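Notes to accompany the following structure.
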Amino acid sequence: MAAVTLERLTKRYDRAPRAALDELSLAVADGEFLVLLGPSGCGKTTALRCVAGLEEPTAGTIRIGAREVTRLAPGARDVAMVFQNYALYPHLAVRHNLSFALEMRRVPRPEITRRVADVAARLGLTELLDRRPGELSGGQRQRVALGRAMVRNPAVFLLDEPLSNLDAQLRGELRAELLALHRSLGATMLYVTHDQVEAMTMGERIAVLHEGRLRQVGAPRDVYERPADTFVARFIGSPGMNIFDAARADGGRGVLIGGSLTVETDVTVDGAFQVGVRPEHVALRARGRGAGQGEGQVRIVEPLGAETLVHLDVGTTRLVARMRGLRAPAVGDRVGVRIDAGDLHVFDGRGVRRA
Amino acid sequence: MRPQLAWRLLAAIAGTGAVTLPIAAARLATARAEDSLSERVAYAVAGYVALVTPAAPGRPGYEPRQLLVTARGLRTLPGWSAPVDVYAVRTPLLAAGGPGLPSATWRDLQRLESPVRLGAGTLVPLKDREAWDVVGAAWVGRRSAPRDRRPVWTGLAVALAALGGVWAVGRGRGLRRVTMATFAAAALVHGGMCAAVVRGAAAWSGDRALRDIRTLIGDAPARLPVVRSRVPLAQLARVVQGTGVTLAEADSAQGTMIRRVETARGPRAVAPIRLGRRRWLSATMVPLEARQGGWTLAALGLALVGVVGVAVAGWGAVAAASPRRLGEIVTAWAFLGPAALHLVVFSFGPMLFAAWLSLHEWDLLDPVRRFVGLRNFAAAAADPLAWVSLRNTLLYTLYVPVTMMLALGVALVLQHHGGLTRLARTVFFMPYVASVVAVALVWQWMLSPDFGLVNWVLGAVGVPAVDWLGDPHTALLAVMVISTWVQLGYQTTIFVAGLQNIPQVYHDAARVDGANAWQRFWRVTLPLLRPVTLFVLVTGVIGSFQVFTYIYVLTDGGPLHATDVIVYRIYQTAWEFLQFGHASALALALFVILLGVTWVQFRLLGRRVEYG
């Protein structure tokens with residue numbers, strides 16, 4: 001068990017227009033489950049591979065515990081990695097996939113046997129020990145990949161999108177299993193994903209990366225409720241936050257959205273600014289009932305079962321509202337739209353959070 | 001309904017073919033047997049005339065009156081049945097007043113000295129007594145072989161069976177199977193019967209020729225211009241020149257029957273000839289029925305062509321019901337056809353022929369291939385040279401794993417130096433695409449004991465000159481080194497491709513697992529490369545077992561058989577010693593050995609590898 005500290009970690013590839021990683025500084029606490037989240041190409045896998053030692057950073061330092069490992073070989077870092085495609089050795093039976101790393105480290109034979117049996121029992125792989133990876137299902141391979149990491153008892157687990165190759169149902173099951181495993185092992189885990197649902201449900205903290213830069217680190221709830229910028233606001237949540245170019249309403253108090261919707265608020269920003277609101281904070285009323293702040297016309301309705309997404313044209317802009325259940329206005333209806341001032345996120349002209 | 005009719009029509013045509021084609025083949029073969037009889041007897045007549053007619057004094061040719069007497073005498077020979085004539089230059093002597101030889105025919109006779117078909121018979125050149133100039137011609141008319149009616153009955157049976165086949169076109173699969181089986185059986189019997197007719201006609205033709213020759217030889221001594229008590233055999237042999245018959249003295253009479261005897265060189269037909277009270281000769285020839293294998297195959301094959309035709313028609317009628325499938329099948333065969341044909345003609349055909357030949361004795365010249373059972377194999381097993389060549393081949397094969405190690409090493413180096421790869425690969429690959437003979441000749445010069453590059457370099461560092469290819473201790477090694485040099489680039493290329501095919505992620509996983517470069521190579525790279533290794537090993541070993549050109553060009557199997565390998569042994573046995581049966585047995589043994597070696601290699605290395 002150990003903390004992982006990245007300081008101004010930078011990775012540049014030859015002939016690439018921008019750095020894959022740009023001065024990433026991040027501290028992962030001992031025993032923490034930290035999720036690196038971002039769209040593809042954001043540098044999250046590069047960061048993970050740098051920690052593993054598979055990529056050599058251009059600049060910056062990596063510490064695992066008190067030890068600086070920036071230039072150490074992967075095998076000397078006491079990290080284990082689970083790859084996106086699992087990378088199970090196709091020519092070796094499950095038993096030998098599990099024992100490979102221990103054999104490389106010249107762990108005594110009886111000790112290997114004991115640890116492999118132990119891990120196999122924990123992951124329900126005992127029956128599969130003599131099969132080859134080609135004879136396993138996706139979920140089983142995933143477990144073997146995890147087992148291969150566990151059997152070494154490493155200081156840090158590095159997981160590179162380990163669930164992305166599984167179907168939705170299996171992914172849900174394994175998410176829960178992985179969390180249970182983390183609790184029981186108490187190990188430090190760095191988990192890379194592009195799936196914000198995975199990040200929200202699994203991470204103790206989430207680090208959001210975009211174009212090689214760290215945008216925000218925080219607990220899932222913080223990241224969701226107080227996104228540091230418009231990128232994070234849009235990226236987290238499904239659908240993401242509605243963001244509008246806003247103007248001050250006539251009379252000074254409040255902001256005008258899409259030229260027709262006014263939200264009264266005390267928050268003011270000098271110059272151009274943007275406001276955002278989560279879809280679930282947009283309230284729709286049938287026209288003429290209760291006091292609306294503005295009006296919109298229904299463009300698309302997406303019934304999802306427990307909730308329904310309603311896409312609206314409001315003045316010159318568009319927004320998405322989330323309604324509970326399946327009751328919703330019909331396409332083309334005009335409805336009243338209301339947003340509480342407390343649910344409004346305000347960003348400055350560069351997209352950085354103000355309030 | 002109409003397409004069905006078309007398919008039935010096709011089936012009917014094929015059925016008709018099954019009846020008529022074998023009969024036609026039998027007819028053709030019979031006609032050829034009849035012509036061959038005329039030709040043999042014509043040669044015998046020419047020989048007989050030359051033997052018994054005195055030469056014209058002072059000029060080439062025969063004394064005209066005596067020639068006429070000889071010619072007339074032919075017709076009164078006891079038991080003589082052939083229409084016959086003798087031409088003095090271009091004038092017929094017996095058909096007096098008949099047309100002379102056309103000048104074109106006469107020119108052909110003089111120039112080519114080969115038989116010519118003329119009228120209903122065969123004309124052969126008549127030479128003077130010294131067998132020098134063509135001074136006339138002997139003509140023998142065609143006699144008909146006894147007609148054999150049996151194919152008519154089998155043909156009827158086939159026709160009935162074919163009717164059944166035509167009827168079954170477009171009907172159920174089971175029905176078609178039964179009718180086709182009946183039809184095929186009838187056709188085979190019919191083909192066999194036609195083949196029997198062919199053999200009968202051939203036997204008749206051969207025996208008839210022997211009888212006529214016996215008549216001529218029996219008559220000749222009494223008519224010789226110079227009377228002698230005991231005519232030398234060599235003189236009488238003039239009669240059988242060009243007839244395929246050999247004469248020999250015989251001890252005693254075995255009756256007058258023409259016998260079939262089995263000799264060391266195959267079956268022979270022997271006719272005893274009585275020359276006076278104490279003297280017997282034997283006229284021997286290869287029985288013609290023993291040489292009708294081709295016609296037998298043709299008769300059976302033609303019978304089956306009809307069967308195939310009806311089967312295709314039946315299949316076509318079914319397939320026509322689903323045109324798309326028909327189209328697919330036709331397309332598939334159009335693509336497969338050329339390759340399949342090539343495979344059959346140049347691979348399977350020769351293989352089967354070699355297998356057949358291995359059970360026979362054949363020297364390429366003798367038209368008869370005598371069946372000897374497994375004797376060729378026994379001889380091969382007992383031949384110490386065969387074992388020497390096997391040992392040399394096995395030693396030579398060792399160059400394959402050695403080259404593979406080198407090639408894998410080079411490939412691993414190239415893999416990590418991308419820019420170098422292309423140039424290096426080209427350089428290494430060049431020997432592989434160069435002409436084998438050119439490579440061999442260049443190496444022959446390099447390895448030359450007196451002015452070779454290798455010895456020059458070695459001499460520079462004080463190593464005494466070695467006759468690499470001339471010393472039994474080094475010759476095989478030298479050939480192996482050359483082979484390594486040639487194969488290295490090819491194998492490297494394959495290994496580079498194989499290495500590039502291994503996903504990087506396995507190396508990453510192994511690095512994280514703490515494997516060092518050496519461990520990664522042994523535990524990850526090599527196992528994942530196994531399909532490639534197997535391919536290189538199997539093709540390499542098969543190739544090494546078939547090595548020939550380097551040996552042929554560089555050492556001729558020498559010195560002292562030090563480089564005598566199996567294929568070279570096969571080559572020498574066949575083309576230098578003309579023992580094709582023996583060579584085929586060796587080739588078959590090589591085939592079995594290769595099959596075994598390859599099977600073992602697959603068992604050892606052939607487990608499948610999947611990249612996750």
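Here the structure is a predicted model, which is why all the values come from computation and not from measurement. Letters go in sequence order (proteins before strands), and every chain restarts at 1.
- For B:F548, the CZ atom is densely surrounded, since the number of other residues' heavy atoms within 6.0 Å is greater than 12.
- A distance-only check finds a donor-acceptor pair linking the side chain of A:Y89 to the backbone of B:A510 [under 3.5 Å].
- Most heavy-atom pairs under 4.5 Å with chain B: of the set A:A80, A:A87, A:G75, this distinction falls to A:A87.
- Looking at A:H91, its side chain never comes within 3.5 Å of a backbone N or O of B:L526 through a donor-acceptor pair.
- B:Q519 places none of its side-chain heavy atoms less than 4.5 Å from the side chain of A:E103.
- Closest heavy-atom contact between A:M104 and B:A515: SD-CB, 3.6 Å.
- By number of non-hydrogen pairs under 4.5 angstrom with chain A, the leading residue of B:D513, B:V512, B:D508 is B:D513.
- Surrounding CZ of B:F428 are at most 12 heavy atoms belonging to other residues, nucleotides or ligands under 6.0 Å away.
- A:R175 CZ: more than 12 foreign heavy atoms inside a 6.0 Å radius.
- Across all non-hydrogen atoms, the minimal contact from A:G53 to B:R511 is O-NH2, 3.5 Å.
- Considering CD of B:Q504 and CG of A:L54, their distance stands at 8.5 Å, rounded to 0.5 Å.
- In terms of non-hydrogen atom pairs under 4.5 Å with chain B, the most contact-rich of A:R49, A:R105, A:M81 is A:R105.
- Chain B forms more heavy-atom pairs under 4.5 Å with one residue of A:R148, A:H96, A:R77 than with any other, namely A:R148.
- Residue A:L88 comes nearest to B:Y506 through the heavy atom pair O-CE2, 3.1 Å, listed as atom of the first residue, atom of the second, then distance.
- By the 6.0 Å contact criterion, CD on A:E111 is enclosed, its count of non-hydrogen atoms from other residues, nucleotides or ligands being greater than 12.
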